[in-house]
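All residue numbers in this chain count up from 1 along the given sequence. First listed ligand is number 1; within each ligand, the first listed atom is number 1.
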Amino acid sequence: MLRAWDTTFHPEFVAGRAVYLQISELIAAEIRRGRLQPGTALPGTRELAKQLGVNRKTAVLAYEELLAQGWLESQTTRGTFVSSRLPESTPTAFAPAAPGSVAPGFRWQDPFEVEPAPVVVPGALVFNDGTPDARLAPVATLASAYRRVMQGRGRRNQLGYDSPLGSLPLREALSRMLNHDRGLSTTPGSICLTRGTQMALYLTARLLVQPGDVVAVENPGYPPAWQTFRLLGAELAPVPVDEEGLRVDELEALCQRRAVRALYLTPHHQFPTTVTLKAARRVQLLALAARYGVAIIEDDYDHEFHYHYQPMLPLASADPHGVVIYISSLSKLIAPALRVGYVTGPAAFVTALGRLRTLVDRQGDTVLEQAVADLIDEGEIKRHTRRAHAEYHVRRDALAEALRHQLGDLAEFTLPAGGMALWVTFPADVDLERVAEELARRKVIITPGSRYYLAGPGTNAMRMGYAALTPAELAHGVEQLGAVLRQLGS
Ligand SMILES: Cc1ncc(COP(=O)(O)O)c(C=O)c1O
């Protein structure tokens, strides 16, 4: 049949993908964008093959593919046409979209509050906000425990769906650990495993917060928690922190003015200031929460690392009123990449968390969970804790010494009794944003403390994590900090 116009195609074939598929995809794309309307006649296979410089068999295969997918129809003796059953479409200009460049064609909500993850600068020395040294993690024992569970050589081989609360062996092991070491009275049924604190916070907040609810938070405090509450519609109410921890009197004043749904706090080593909430305030806080019906979300993120005396027991260990929801994870104890966290609290609440969890993640990595349970039961986690504890103690002192030696009066801090970071204060005229920029040029990364303030000007300080750096690395980082402060004229 003689056609008025030839339909031509200009493919750019790429290696590694069958040519006939590339041709069929190109023709389908031309139909989708409206260049080839329903009923349009296509060149015969001989002509197409010639035009594209391919074997005729390849052209036949491309048409067969399109016929099978319903883009084309074949009319015996007349030839091959774009299927008349396709809807007509308006041709769009040919602008091959760069990958990822197409704007969403639907309504959606950007969680704009959520800060982007920090940029990783290869080879840089990072004073993070207090993560552990993954180089110390018991990876070999964990890997062999994982392999054992995977191969079904352990006590169980569970590769199927499991309880949404998480694998029972780990809940049992954690329950024993929480009851013996942290003074809680949990059962495996009152623990819900999560992939870290952040997920625990999200699930907890999702059950607690309705849009417009007031959630009290420490100021300064932990922004990822704030962002979670805000995403769910909470109004944040900052409560100041002093050298004894959260100002419970200020919280009380807030409760008198507003209905406070929840309080998020880090009582063991306050984030970022590192202070421990004193005993008297703990007693007042628990009574206050019971009086006003405030849920206390206790984030006990670095419980094990306390250097001078036994770690203070969590608020959850002294909660007769059922007001505390206790959250912790293995991120600080072993390594953040493990993504094993947990929540415990009133049993009915934890059961509901499990139900919510099924919608978010169904369940965690049950193989990993069982492997971690084995490490706890075999005493491996305890051994690691002892090693890491001793090492971080040395590193805390090494950072303190380097700061005193290199910076003298420029850097002020109270040596914290535990944790993985120092909260270091600088004179008001030191511009920490500029210091951070200059240091980044020298491949040393710090985060100015202003980002931890929800309200008010705040202290001119920064949180310097020491656990992930060796004493030599700490000394080098502080030396660079000293050089930048001198360069900027402080
Ligand atoms: C206050 C606080 N809570 C919890 C975590 C741990 O979060 P995750 O368990 O999600 O790794 C961190 C880690 O930086 C933290 O600083």
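- Polar contact check, Thr266 against ligand 1: no nitrogen or oxygen pair lies under 3.5 Å apart.
- For atom 7 (O) of ligand 1, the closest non-hydrogen atom of the protein is Thr197 CB, 3.5 Å.
- Residue Gln210 places its CD atom among 12 or fewer non-hydrogen atoms of other residues, nucleotides or ligands, all under 6.0 Å distant.
- Residues satisfying the side chain to side chain donor-acceptor pair (under 3.5 Å) criterion with Glu437, sequence neighbours excluded, are absent altogether.
- Close approach of ligand 1 to Asp129 (heavy-atom distance below 4.0 Å) involves ligand atoms 14 (O).
- In this structure, the side chain to side chain donor-acceptor pair (under 3.5 Å) partners of Ser329, at least two apart in sequence or on a different chain, are Thr197, Ser331.
- Residue Gln198 has at least one heavy-atom neighbour below 4.0 Å for each of these atoms of ligand 1: 10 (O).
- Among all protein heavy atoms, the one lying closest to atom 12 (C) of ligand 1 is Tyr222 OH, 3.2 Å.
- The aromatic ring centroids of Tyr466 and Phe127 lie 6.0 Å or more from each other.
- Nearest protein heavy-atom neighbour of atom 11 (O) of ligand 1: Ser331 OG, 2.7 Å.
- Near Asp299, meaning under 4.0 Å from any of its heavy atoms, are these atoms of ligand 1: 1 (C), 2 (C), 3 (N), 4 (C).
- Residue-ligand proximity, Lys332 to ligand 1, at heavy-atom distances under 4.0 Å covers atoms 12 (C), 13 (C), 14 (O), 16 (O).
- The shortest N/O to N/O separation between Thr131 and ligand 1 does not fall below 3.5 Å.
- Once rounded to the nearest 0.5 Å, the distance linking CG of Leu422 with CZ of Phe413 reads 6.0 Å.
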Check the pair Ser185 / Asn179 against side-chain hydrogen bond (donor to acceptor under 3.5 Å, both in side chains), numbers first and verdict last.
CA-CA 5 Å; Ser185 38; Asn179 296 358; over 6 Å; no
Show, in sequence, the C-alpha distance, side-chain angles and deciding distance for Glu235 and Arg258, and conclude whether the salt bridge (Lys or Arg N to Asp or Glu O under 4.0 Å) test is met.
CA-CA 11 Å; Glu235 180 191 333; Arg258 313 278 311 266; 3.0 Å; yes
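- A heavy-atom separation below 4.0 Å is not found between Met199 and ligand 1.
- With ligand atoms numbered from 1 in the order given, ligand 1 contributes 8 (P), 10 (O), 11 (O) to contacts under 4.0 Å with heavy atoms of Arg339.
- Checking only distances, Ser329 does come within under 3.5 Å of ligand 1, N or O to N or O.
- Counting only distance, with no hydrogens or angles, the side chain of Arg463 and the backbone of Thr274 share no donor-acceptor pair below 3.5 Å.
- Judged purely by atom type and a 3.5 angstrom limit, Gln406 has no side-chain atom pairing as donor or acceptor with the backbone of Ala402.
- Atoms of ligand 1 lying under 4.0 Å from at least one heavy atom of Phe271, given by number and element, are 1 (C), 16 (O).
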